[in-house]
J.: 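Once you've had a glance at the structure underneath, I'll fire off some questions.
Order of listing sets the numbers, starting from 1, for every ligand and every atom in it.
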Amino acid sequence: MGAGIFRDLSLHDTSCLLIDKKDFSSQTSQSSSKMLHGGIRYLENFDFKLIREALHEKNLWLKLAPHLCYSQTFILPIYNDSKWPLWMTRFGLALYDFLSGYENIGHEIISKRKLLKYIPGIKAPELKGGGIYHDAVMDDAKITLEVIFDALKNKSCQALNYVEFKSFENKGDHNLVIIRDTLTGEEKEIKVGELIFALGPFTDQLLGKQKNLNWQKILLPSKGSHLWIDKKALPIKYPVVLNTHDDRIIFVIPQENAVLVGTTEVSVETDMFDVRPSRKEIDYLLHNLKIYFPGYPLDKSSILSAFSGIRPLVKGDSDDLGKTARSEKTYQPYHNVHVIAGGKYTTFRVMGQGISRIIVERKNRSYNNKLTESTLKRSLLIPAFKPLPLNSELIFKIVEQEKVRTFEDLVYRRIGVESKKHWNKELVEGKSFDDFFLPLVEKLQGKIKITREDVLNYYP
Ligand SMILES: Cc1cc2nc3c(=O)[nH]c(=O)nc-3n(C[C@H](O)[C@H](O)[C@H](O)COP(=O)(O)OP(=O)(O)OC[C@H]3O[C@@H](n4cnc5c(N)ncnc54)[C@H](O)[C@@H]3O)c2cc1C
C-alpha cells in the first residue's frame, strides 16, 4: 500500500522518500492469493461497496498493466451440501457482474457434465453443477516493484529498501525521524514534513513502541498460507473455488508451471516478519485438495514450495477472522502524521488517496485522483509470467537497475524463483540452480549481500 501512496505523491510532483525495513514487497504483498478480485466471498458479508470498488480496480489494472495481470475464468463447483445452492450461486454471480458495472465478462451457471469437462478429475459424487465467473490473476510482487519504479521517474522521489523506521519526534511543523539501514547498521536522523505509516500487519507492533503515540491496537492479524503444487501432479486448466466442510474457501489456481492452493486463516500474535506455513496448515491444504481432486495422485511430494503472509485485518464488529471487513482505515495522531492499515491488494491505488489529497493540497497544489489511472512506465527486466533465459549479463543488469540488495531479492522477487524446485533448467542451458549461481557469488560480492551458503540453502 505504501508503494501506491508513493506513486500517487510522485505523480503529483510531491517529493517523497519511501523506506522499507525489508525488501519492497517481501512481506504481505508477495504472499497474497495473487488475485485482483472483487472478492466473491464478501457477497455473504454484504460488503458491496468494497466489492464494487475492487472490481473497478481489477478491470482498470487489466487495462493499465496487462503484462502484470490477466483475466481468468474461475469455476465454483456446487455439491449437495454446498453452503450456496445453485439458485443462490446464480443470484450471487449476477450481483457480482452488476457490481462490476457489467465490465466483468458475464457469469454462467453450468451443468455437472460441463463442469467435469472443465475440471476433469474433480470429486464427482454429489456434484450438482457450478458457476463460472471472471476475476484476474496477478504477479503481486512485480506489481509493487513496478509501481515503485514508476514513481522513481520523478527524480525528487527516492525509495530505500532495508532501511527501517526506528522512532520519531513531532516538532509541530515537522517530524524528526530516526532511520537505520538494517544491512549496514548505519543510523540517520532526517527531517520530514509529513509522515505516513503504511505498515500493513506490522502497524500495531511498530506504533505500539512509539512513546509519543499512546497507540491502541487496531488489528486482528490473521495468517494465511499457500502451497505451490507441481502442475504435473495437478494438471488442471482453470482455477477452482472450493467451499470446504469447515465453511472456508480454498482457491486452486493453475499458473504457468505450478498450481497455487490457499489459503488458511489462523490468528497470530508473535513476530510477523518472514512467516512460514506450519505443518498443520500444509496438512490442512493438502487434505482438502485430496478430498476435492481424488482423480490425481497428490501427496507431500507434489508440493514445490509453500509461503505465508499476515492479513492486516482492522478490528470490526466481529471477532470471526473470515467475517472481518477487508476495508482500510486511516488515523491522524498528529496533523502531519498519518496511519493507514487494512484493505486489500486489489484496491491499493485508491486506499491512500485521502492521505495523498491532504498532503498535496497542503502544498497548494490541486489533487487529481485520476492521475494514477496511467500506465506503469518501467517494466522489470524479467517480465511476470514469461520467464526469460537467464545469463550472467542479465543478472548484473538486474542488480544494477532494480534495487537488489540481497540474494533473495534477486532470485525471489526480480527473477521470480520461489524455491529450487521452481528452477527451470531449460532457461539456463540445463544448469542446476547451484551450478548457475555459485560461479557468480564472488562476482556479486560487494554489489549485493551474498554468500555460497545463501545459494546452497536457498529454500531447498
Ligand atoms: C494469505 C493472504 C492472501 C491474500 N490474498 C489477496 C488477494 O488475492 N487479493 C487481494 O487483493 N488481497 C489479498 N490479500 C491482502 C493483501 O495481500 C494485503 O492487504 C496487502 O498486501 C497489504 O499490503 P501492505 O502494504 O499493507 O502490507 P505489507 O505488504 O506487509 O507492507 C508493509 C511493509 O512495512 C514494512 N515495515 C514494517 N516495519 C517497518 C519499519 N519499522 N520500518 C520500515 N518498514 C517497515 C514491511 O517490511 C512491509 O514491507 C491477501 C493477504 C493474505 C495474507
J.: Run the numbers for me: atoms of ligand 1, each under 4.0 Å from some heavy atom of F165, listed by number.
T.: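 Ligand 1 atoms under the 4.0 Å threshold to F165: 40 (C), 41 (N), 42 (N), 43 (C).
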
J.: Please state which part of Q30 comes within less than 4.0 Å of ligand 1, counting heavy atoms only: side chain, backbone, both or neither.
T.: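 Neither part.
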
J.: Ignoring hydrogens and angles, state whether a donor on the side chain of D140 or S32 is under 3.5 Å from an acceptor on the partner side chain.
T.: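 S32 and D140 do have a side-chain donor-acceptor pair below 3.5 Å.
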
J.: Provide the number and element of each atom of ligand 1 under 4.0 Å from a heavy atom of M35.
T.: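 In order of number, 7 (C), 8 (O), 9 (N), 10 (C), 11 (O).
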
J.: Just distances here: any N/O of Y345 and N/O of ligand 1 closer than 3.5 Å?
T.: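 For ligand 1, there is an N or O atom that lies under 3.5 Å from one belonging to Y345.
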
J.: Are any of the side-chain nitrogens in R7 or D150 under 4.0 Å away from the carboxylate oxygens of its partner?
T.: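 Salt bridge: yes.
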
J.: For atom 25 (O) of ligand 1, what's the nearest protein heavy-atom neighbour? Residue, atom name and distance, please.
T.: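 Sorting protein heavy atoms by distance from atom 25 (O) of ligand 1 puts M1 N, 2.7 Å first.
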
J.: Just by distance, no angles: are the side chains of T73 and Y118 close enough, under 3.5 Å, to form a donor-acceptor pair?
T.: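 No donor-acceptor contact under 3.5 Å links the two side chains.
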
J.: Side-chain donor-acceptor pair under 3.5 Å between S305 and H422, yes or no?
T.: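 Yes, H422 and S305 have a side-chain donor paired with an acceptor closer than 3.5 Å.
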
J.: Does the residue F251 have a heavy-atom contact with ligand 1, meaning some pair of atoms that are separated by less than 4.0 Å?
T.: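 No.
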
J.: Only heavy atoms count here, so choose which of L199, L207, L260 is nearest to atom 34 (O) of ligand 1.
T.: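 Residue with the shortest heavy-atom distance to the ligand atom: L199.
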
J.: For ligand 1, which is the ligand I care about here, please tell me if I310 has any N or O atom under 3.5 Å from one of the ligand's N or O atoms.
T.: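 By distance alone, the answer is no.
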
J.: With a cutoff of 4.0 Å, is K223 in contact with ligand 1, counting heavy atoms of the residue only?
T.: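 Not so, K223 does not reach ligand 1.
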
J.: Classify the side-chain pair D8/Y367 by whether it contains a donor and acceptor separated by less than 3.5 Å.
T.: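 Their side chains do contain a donor-acceptor pair, which is all the 3.5 Å distance test asks for.
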
J.: What residue and heavy atom of the protein are closest to atom 26 (O) of ligand 1, and at what distance?
T.: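 Heavy-atom neighbour on the protein nearest atom 26 (O) of ligand 1: G200 CA, 3.2 Å.
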
J.: So, Y331 versus W215, ring centres under 6.0 angstrom or not?
T.: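 Ring centres of W215 and Y331 closer than 6.0 Å.
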
J.: Considering heavy atoms of the protein only, find what lies nearest to atom 6 (C) of ligand 1 and give residue, atom and distance to 0.1 Å.
T.: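 Minimum-distance protein heavy atom for atom 6 (C) of ligand 1 reads S32 CB, 3.5 Å.
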
J.: May I ask whether S26 has any heavy atom positioned less than 4.0 angstrom from an atom of ligand 1?
T.: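 Flag not set, S26 not near ligand 1.
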
J.: Would you say E164 and ligand 1 have an N/O pair spaced under 3.5 Å apart?
T.: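 In this structure, E164 places no N or O atom under 3.5 Å from an N or O of ligand 1.
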
J.: Can a salt bridge be assigned to the pair R413 and E408 using a cut-off of 4.0 Å between side-chain N and carboxylate O?
T.: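 So R413 pairs with E408 through a salt bridge.
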
J.: Using a distance-only test with no angle check, is there a side-chain donor-acceptor pair under 3.5 angstrom linking H338 and T330?
T.: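 There is no such pair between these side chains.
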
J.: Could you tell me, atom by atom, which parts of ligand 1 come under 4.0 Å of a heavy atom of P201?
T.: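 Those qualifying, in numeric order: 27 (O), 30 (O).
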
J.: Give the numbers and elements of all ligand 1 atoms closer than 4.0 Å to a heavy atom of K34.
T.: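 Listed by number with element, the hits are 8 (O).
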
J.: State whether a side-chain donor-acceptor pair under 3.5 Å links R405 with T184.
T.: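 There is no such pair between these side chains.
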
J.: May I ask you to list the atoms of ligand 1 that are less than 4.0 angstrom from any heavy atom of F202?
T.: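 Taking each heavy atom of F202 in turn, ligand 1 has 30 (O), 37 (C), 46 (C), 48 (C) under 4.0 Å.
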
J.: If hydrogens are left out, which of D23, V275, D20 has an atom nearest to atom 46 (C) of ligand 1, that is, the closest non-hydrogen atom?
T.: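 Of the listed residues, D20 has the closest heavy atom.
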
J.: Can you tell me the protein heavy atom closest to atom 30 (O) of ligand 1 and the distance?
T.: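 Ranking protein heavy atoms by distance from atom 30 (O) of ligand 1, first comes T28 OG1, 2.5 Å.
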
J.: Out of S31, G309, S167, whose heavy atom sits nearest atom 2 (C) of ligand 1?
T.: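 It is S31 that holds the nearest heavy atom.
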
J.: Give the numbers and elements of all ligand 1 atoms closer than 4.0 Å to a heavy atom of S33.
T.: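 This gives 3 (C), 4 (C), 5 (N), 6 (C), 7 (C), 8 (O) as the contact atoms.
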
J.: Please determine if S29 has a nitrogen or oxygen closer than 3.5 Å to a nitrogen or oxygen of ligand 1.
T.: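 In this structure, S29 places an N or O atom under 3.5 Å from an N or O of ligand 1.
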
J.: Would R248 and E265 pass as an ion pair if we require N to O under 4.0 Å?
T.: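 Result for this pair is yes, salt bridge flagged.
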
J.: Any idea which part of F273 is under 4.0 Å from ligand 1, heavy-atom wise: side chain, backbone, both or neither?
T.: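 For F273, only side-chain atoms sit under 4.0 Å from ligand 1.
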
J.: Does any part of the side chain of V252, heavy atoms only, come nearer than 4.5 Å to the side chain of L234, both counted from C-beta?
T.: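 In short, these two side chains touch, coming nearer than 4.5 Å.
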
J.: Going by the atom numbers of ligand 1, which of them fall below 4.0 Å from some non-hydrogen atom of G343?
T.: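 Ligand 1 atoms under the 4.0 Å threshold to G343: 19 (O).
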
J.: Please determine if T346 has a nitrogen or oxygen closer than 3.5 Å to a nitrogen or oxygen of ligand 1.
T.: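 Yes; the residue has a nitrogen or oxygen that sits under 3.5 Å from a nitrogen or oxygen of the ligand.
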
J.: Would you tell me whether H67 and K142 have side-chain atoms, one donor and one acceptor, within less than 3.5 Å of each other?
T.: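 On atom types as modelled, these side chains do not qualify, holding no pair under 3.5 Å.
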
J.: Check the side chains of D454 and T451 for a donor-acceptor pair under 3.5 angstrom, ignoring hydrogens and angles.
T.: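 There is such a pair between these side chains.
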
J.: Which heavy atom of the protein is the closest neighbour of atom 51 (C) of ligand 1, given with residue, atom name and distance?
T.: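 So the nearest neighbour among protein heavy atoms is R311 CG, 3.8 Å.
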
J.: Are K231 and E256 ion-paired here, with the side-chain N under 4.0 Å from a carboxylate O?
T.: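 Answer for the salt bridge query: no.
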
J.: Are the ring centres of Y458 and Y412 closer than 6.0 Å?
T.: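 Not under 6.0 Å, so no.
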
J.: With a cut-off of 4.0 Å, which atoms of ligand 1 are near a heavy atom of K21?
T.: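 Every atom of ligand 1 under 4.0 Å from some heavy atom of K21: 39 (C), 40 (C), 42 (N), 43 (C), 44 (N), 45 (C).
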
